[in-house]
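In what follows, chains are A, B, ... by sequence order, proteins preceding strands, each numbered from 1. A quick note: this is a predicted structure, and the numbers were derived from the prediction, not measured.
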Number of protein chains: 2
Amino acid sequence: MATIYDVARLAGVAPSTVSRVFNGGSVAAEREALVRAAAEELKFVPDRIARRLNRKRSDLVALIIPDIQNPFFTSLARGVEDVAQDAGLSLVLCNADDDERKQDRYIEAAKAERMTGAIISPASGSKLDLSHLVGGGTAVVAIDRRPTGHPIDLVGIDDERGAETATAHLLEQGYRRIACLAGPRNALTARRRLRGYRRALRTAGIEPDRRLVQHTNYREDGGLAAMADLLRSNDPPDAVLATNSLLGVGAMEALLDADIRPPDIGLVSFSGASWSRLIRPPLTTVWQPAAELGQAAAKLLIRRQQEPTAAEQSIILETTLFPNQSSARPAP
Amino acid sequence: MATIYDVARLAGVAPSTVSRVFNGGSVAAEREALVRAAAEELKFVPDRIARRLNRKRSDLVALIIPDIQNPFFTSLARGVEDVAQDAGLSLVLCNADDDERKQDRYIEAAKAERMTGAIISPASGSKLDLSHLVGGGTAVVAIDRRPTGHPIDLVGIDDERGAETATAHLLEQGYRRIACLAGPRNALTARRRLRGYRRALRTAGIEPDRRLVQHTNYREDGGLAAMADLLRSNDPPDAVLATNSLLGVGAMEALLDADIRPPDIGLVSFSGASWSRLIRPPLTTVWQPAAELGQAAAKLLIRRQQEPTAAEQSIILETTLFPNQSSARPAP
DNA sequence: CTGAAAGCGCTTACAG
DNA sequence: CTGAAAGCGCTTACAG
């Protein structure tokens, strides 16, 4: 591996001149040519690691997400990537597996690598201390949930309203015993969606029935088990709100296993997966603008990088309800 | 940011001693305690970048995949991650978007970062020159396809046999005009699966009909369009083999749009997505052990890292056919 | 525009 | 076990 010194020697210039050639410093045209020829000959490639040691920041952005298999997050990652790439930043995708320790390890890494930025969707119930990172000069944007203590830029979905609208829709269709697959008890998004669900019920004059709320993980298996539980109860629901796409898929599996086809039981699910279109009967979904959310996060990050002292900002994106057959209650 | 010098001063030892404490060198217990206390107080975190400049390798493994939204690859990533983490290596997930230029940029990055290893699932039809990387000392494992020229460790799925078995199954069920959604024309996995498909037909004494083969991308939209095309033809197929899970989903959408429910047209799809269980009628799938493949790749990588001169190895994993209703031909 | 020199924060022989 | 010193490969004021 040729170094800047080898190139300098061959070109007959100082190492600093070689450095300038590769960093856009001002260098006379002839000497630049000399340097480039020498570099070519030696197949010189600047060592990024050495470069990084001098510079303050590495052109890296970490995206720390809790579940790489969740399509909401892969869409989000696409959104982040698009904006980051345009800004000359490389994305490092980190799957924290909803595990606080893994998450902390990645946060630690972002700091130790002196990354330009980090976008973090916190693991459920994790305490999430980002002061280190922020103090170290890494621009940080949180998704869904702001860490306690430290002001920080935030992007999120209007979870509560999304759930409320979906529940109201089921009520309008005439469903009355509406269950909620609510996600992890300690996940803030789950609590918000649950609140929206309850509010819609109360607005309709219905007192929420605790037995109709199932806390689960945010994965398919959780949705399947929870829905199966609900179906086994003495007084099963006549509709269900699945608060994320994987839960929705799981619920659908449970219904089909029990030989029940929506809208016999009404079903609305938060979306995320393109393939939810595939489900028959067609599913009523709460669309979440995941890619846009990722873009927004990346833009906030870049802005924060450029103006470290700007006031903290929150961007909350609204969901859209797409009514479909799975919640189109048949006339009694 | 505290440095090793700050810690050394506070602890009253030499910087090299601090370094040893954080790198498992031999240090007397009391001094170690002193150092750790000082580090704690100063919130010292070793700068990985500076460390990397001295060391030969960075404890990083790149996984370069062509589509982060494809569940086959997210499962694979999980497999890689599990093994890598146990070996103390951090995974850097790189989404090349099936774009040769992005892919090459990531390969370049893996070299420039002096990563310990890189696992690469080549973009369709890309030329893929890894000699640089390998020459630079990074352990490299290819997925599905070995780059030309350089011997290299490889893991893959037995694509040909998987497709052959699936096609033979459709033939057994009595289907005769079997179409193939074949993936990109320049993708080697697509060619192999196509070959398996054709072989099964020939074995059954049927000459493959070129019009029944649709080349597409490996995404859902490709499957949808290709299946729609086939349905519009004068002499439509009576069954179809989808050579990846996203194509299978797309095909299913097209069928349902046309109001055709398998097994009226038989459907077998390569799997990858857990949610394919959701599809009704239940889908016959060619199961691919994606996570196991990822684990195998990571193990090969670690072995290669430890024994750089070991003979190159290939690990080919077999698929499993899970027959189900979507290909259970009704009696005529 | 250009060069000599110091420095980025750590690691690693080398002596002791 | 421990410290002083050189070095990893580049960048960046500082003079000129």
Original post:
Base, sugar-phosphate, or nothing: which does B:S19 touch, judged by heavy atoms less than 4.0 Å apart?
Top reply: base
**OP:** With the side chain counted from C-beta on, respond yes when A:R20 and A:E32 share a heavy-atom pair under 4.5 Å apart, and no when they do not.
**Re:** no
**OP:** Using the salt bridge (Lys or Arg N to Asp or Glu O under 4.0 Å) rule, take A:D6 and A:R9 through it: C-alpha gap first, then chi angles, then the decisive distance, then the call.
**Re:** CA-CA 5 Å; A:D6 303 322; A:R9 199 175 317 125; 3.7 Å; yes
Original post:
Which comes earlier along DNA chain D counting from the 5' end, the contact point of A:I4 or that of B:P15, where each point is its nearest nucleotide?
Top reply: B:P15
**OP:** Describe the nucleic acid contact of B:F22 in one word from base, sugar-phosphate, nothing, applying a heavy-atom distance below 4.0 Å.
**Re:** nothing
Subject >> Between P of C:dC10 and CZ of A:R51, the distance in whole Å >> reply: 21 Å
Original post:
Do A:S124 and A:Y218 meet the criterion of a side-chain donor-acceptor pair at a distance under 3.5 Å?
Top reply: no
Original post:
Do the charged groups of A:R52 and B:E113 touch, with an N to O distance under 4.0 Å?
Top reply: yes
Subject >> Length of the line joining B:N54:CG and D:dG9:C1', which is rounded to integer Å >> reply: 10 Å
**OP:** Report which part of the nucleic acid A:R20 touches: base, sugar-phosphate, or nothing (heavy-atom distance under 4.0 Å, all strands).
**Re:** base
Original post:
How long is the line joining CZ of B:R114 and P of C:dC10, in whole Å?
Top reply: 17 Å
Subject >> Nearest to side-chain heavy atoms of B:D47, which nucleotide of D:dG3, D:dC10, C:dG9 >> reply: C:dG9
**OP:** Kindly state which residues belonging to residues 27-38 of chain B come within less than 4.0 angstrom of DNA chain D, counting heavy atoms of the residue only, listed by number.
**Re:** B:V27, B:A28, B:R31
**OP:** Output yes when at least one side-chain N/O atom of B:N23 is less than 4.0 Å from OP1 or OP2 of C:dT11, else no.
**Re:** yes
Original post:
Using atom C1' of each nucleotide, how far apart are D:dG16 and D:dT12 to the nearest Å?
Top reply: 16 Å
**OP:** Please tell me which of the listed nucleotides, C:dG9, D:dT2, D:dC10, lies nearest to the side chain of B:T17?
**Re:** D:dT2
Subject >> Worked verdict on A:R114 versus B:D47 for salt bridge (Lys or Arg N to Asp or Glu O under 4.0 Å) >> reply: CA-CA 8 Å; A:R114 297 200 225 134; B:D47 185 318; 2.3 Å; yes
Subject >> Base-pairing assignment for C:dA4 (Watson-Crick or G-U wobble, both under 3.5 Å) >> reply: none
Original post:
In whole Å, what is the span from the OH atom of A:Y5 to the P atom of C:dG3?
Top reply: 14 Å
Original post:
Out of D:dT2, C:dG9, C:dG7, which nucleotide sits closest to the side chain of B:L53?
Top reply: C:dG9
Subject >> Pair A:R48-B:E108, salt bridge (Lys or Arg N to Asp or Glu O under 4.0 Å): steps then yes or no >> reply: CA-CA 11 Å; A:R48 291 196 203 184; B:E108 195 62 36; over 6 Å; no
**OP:** Give the intermediate values and the outcome of salt bridge (Lys or Arg N to Asp or Glu O under 4.0 Å) for residues B:E40 and B:R36.
**Re:** CA-CA 6 Å; B:E40 181 83 12; B:R36 293 214 179 272; over 6 Å; no
**OP:** Return the value, rounded to whole Å, for the distance between atom CG of B:L42 and atom C1' of C:dG9.
**Re:** 15 Å
**OP:** Could you check whether B:T3 gets within reach of a base, just the sugar-phosphate, or nothing at all, counting any heavy atom under 4.0 Å?
**Re:** sugar-phosphate
Original post:
For the pair made of CZ in B:R9 and P in C:dC10, what is the distance, rounded to whole Å?
Top reply: 12 Å
Subject >> Electrostatic pair A:R78-B:D97, nearest N-O below 4.0 angstrom >> reply: yes
Original post:
Which part of the nucleic acid, if any, lies within contact of B:R48, taking any heavy atom under 4.0 Å across all strands shown: a base, the sugar-phosphate backbone alone, or nothing?
Top reply: nothing
**OP:** Identify whether any heavy atom of A:S16 sits under 4.0 Å from a base atom; if not, whether one sits that close to sugar-phosphate; answer base, sugar-phosphate or nothing.
**Re:** base
